[in-house]
Every structure is written in C-alpha cells, then in structure tokens.
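What follows is one structure encoded as structure tokens, with my remarks underneath.
The figures that follow rest on heavy atoms only: side chains count, while hydrogens, waters and symmetry mates do not. One-based numbering along the sequence shown.
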Amino acid sequence: MKNNNPSKRRKPAVNEQTRKEQILEVAIETVAAFGYAQASIGQIAKRAGISKGVITYHFASKDEMMDQIVTEVYEAAARFMAPRIDRETTPAAC
C-alpha cells in the first residue's frame, strides 16, 4: 500500500527530486496558463511529456501538488523580495 503521508515518505533520490521539481515547474506554468480548474494531472502530464503515472508517483493527489506549488511560489517570492527589502533604509522605500 502506498504511503500518502508526506512526513513518512522516504527521501527522494537526486534524480527523483529533479523530476519532481520539473513537474512542479510545468504545473506552475499550466496553472498560470489555464487556471486551477483546467490544470488537471492529465493536462500537466501532457505538457510535461510524461505519463500521469509519473506525476502520481511523486504526488499523492492534485491537492498535494497544488500545496507544494503554493509553497514554492511563496518561497520564490520571498527569495526575490527579501534582499530588496533588506537593502532599503526607510519603511516608505519598502
């Protein structure tokens, strides 16, 4: 039986992590292009040139993938904004 609890999953190998990051990148682009409702696992797989099985190997569900997309987008925004905010010397400049 597949363990869908992310905290209990084994740590992915480097090539698995790379594949997962690639899937997330295509998923982000798909959501941006078509919206959440049209960003099905099938649509993402098609755009990534992989089978749906590859996606479901890395993500238990669309919801889990979307949770990771939100996390990635927020983390990317923080990485982008933090150095710029830190350089400012007044609250008005931020």
Side-chain angles (χ1 to χ4, degrees):
M1 186 165 133
K2 186 175 181 180
N3 185 350
N4 290 333
N5 184 342
S7 64
K8 301 222 184 229
R9 288 186 184 169
R10 67 178 174 76
K11 187 175 179 179
V14 174
N15 58 347
E16 289 181 7
Q17 186 61 36
T18 300
R19 172 59 79 185
K20 191 172 184 176
E21 290 168 1
Q22 291 168 339
I23 292 167
L24 285 174
E25 183 177 328
V26 172
I28 290 167
E29 292 168 0
T30 304
V31 170
F34 300 104
Y36 174 81
Q38 296 300 314
S40 66
I41 289 176
Q43 180 68 21
I44 294 164
K46 180 179 175 183
R47 290 174 55 100
I50 58 176
S51 71
K52 290 192 290 186
V54 173
I55 293 177
T56 57
Y57 172 81
H58 291 284
F59 302 96
S61 66
K62 180 181 174 183
D63 287 339
E64 179 188 329
M65 184 174 19
M66 293 301 147
D67 287 345
Q68 289 193 26
I69 287 172
V70 169
T71 299
E72 174 57 32
V73 169
Y74 277 116
E75 288 174 355
R79 286 189 304 270
F80 176 81
M81 291 185 288
R84 289 159 177 79
I85 292 169
D86 291 343
R87 280 194 304 260
E88 298 303 329
T89 57
T90 66
C94 292

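- The other residues sharing a hydrophobic cluster with Tyr74 are Val70, where clustering joins ILVMFWY side chains under 4.5 Å apart.
- The pair Glu25-Arg47 does not count as a salt bridge, with every side-chain nitrogen at least 4.0 angstrom from each carboxylate oxygen.
- Rounded to the nearest 0.5 angstrom, Arg19 CZ and Ile50 CD1 are separated by 5.5 Å.
- Contact of the Val31 side chain with the Met66 side chain is registered, since non-hydrogen atoms from C-beta on lie closer than 4.5 Å.
- Ile23 CD1 to Ile28 CD1: the interatomic distance, rounded to the nearest 0.5 Å, is 12.0 Å.
- Considering only residues two or more places apart in sequence or on other chains, Arg87 meets the side-chain hydrogen bond (donor to acceptor under 3.5 Å, both in side chains) condition with none of them.
- To the nearest 0.5 Å, the span separating CG on Asp86 from CZ on Arg84 amounts to 11.0 Å.
- For the residue pair Glu64 and Ser61, the shortest heavy atom distance occurs at N-OG, 3.1 Å.
- Heavy-atom minimum distance, Tyr36 versus Lys62: O-NZ, 2.9 Å.
- Across all their heavy atoms, His58 and Glu16 have their closest contact at CE1-O, 3.4 Å.
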I'd like to know whether Ile41 forms a side chain to side chain contact (heavy atoms under 4.5 Å, CB included) with Met65, so could you lay out the CA-CA distance, the side-chain angles of the two residues, the decisive distance to 0.1 Å, and finally the verdict. CA-CA 9 Å; Ile41 289 176; Met65 184 174 19; 3.9 Å; yes
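- Closest of all the heavy-atom pairs between Ala78 and Pro83 is O-CD, 4.3 Å.
- With rounding to the nearest 0.5 Å, the separation of CD1 in Ile85 from CD in Glu88 is 9.0 Å.
- Heavy atoms only, all atoms of each residue included: Ala39 and Ile44 are closest at O-CD1, 3.8 Å.
- The two atoms that bring Ala27 and Ile69 nearest to each other are CB-CD1, 3.4 Å, heavy atoms only.
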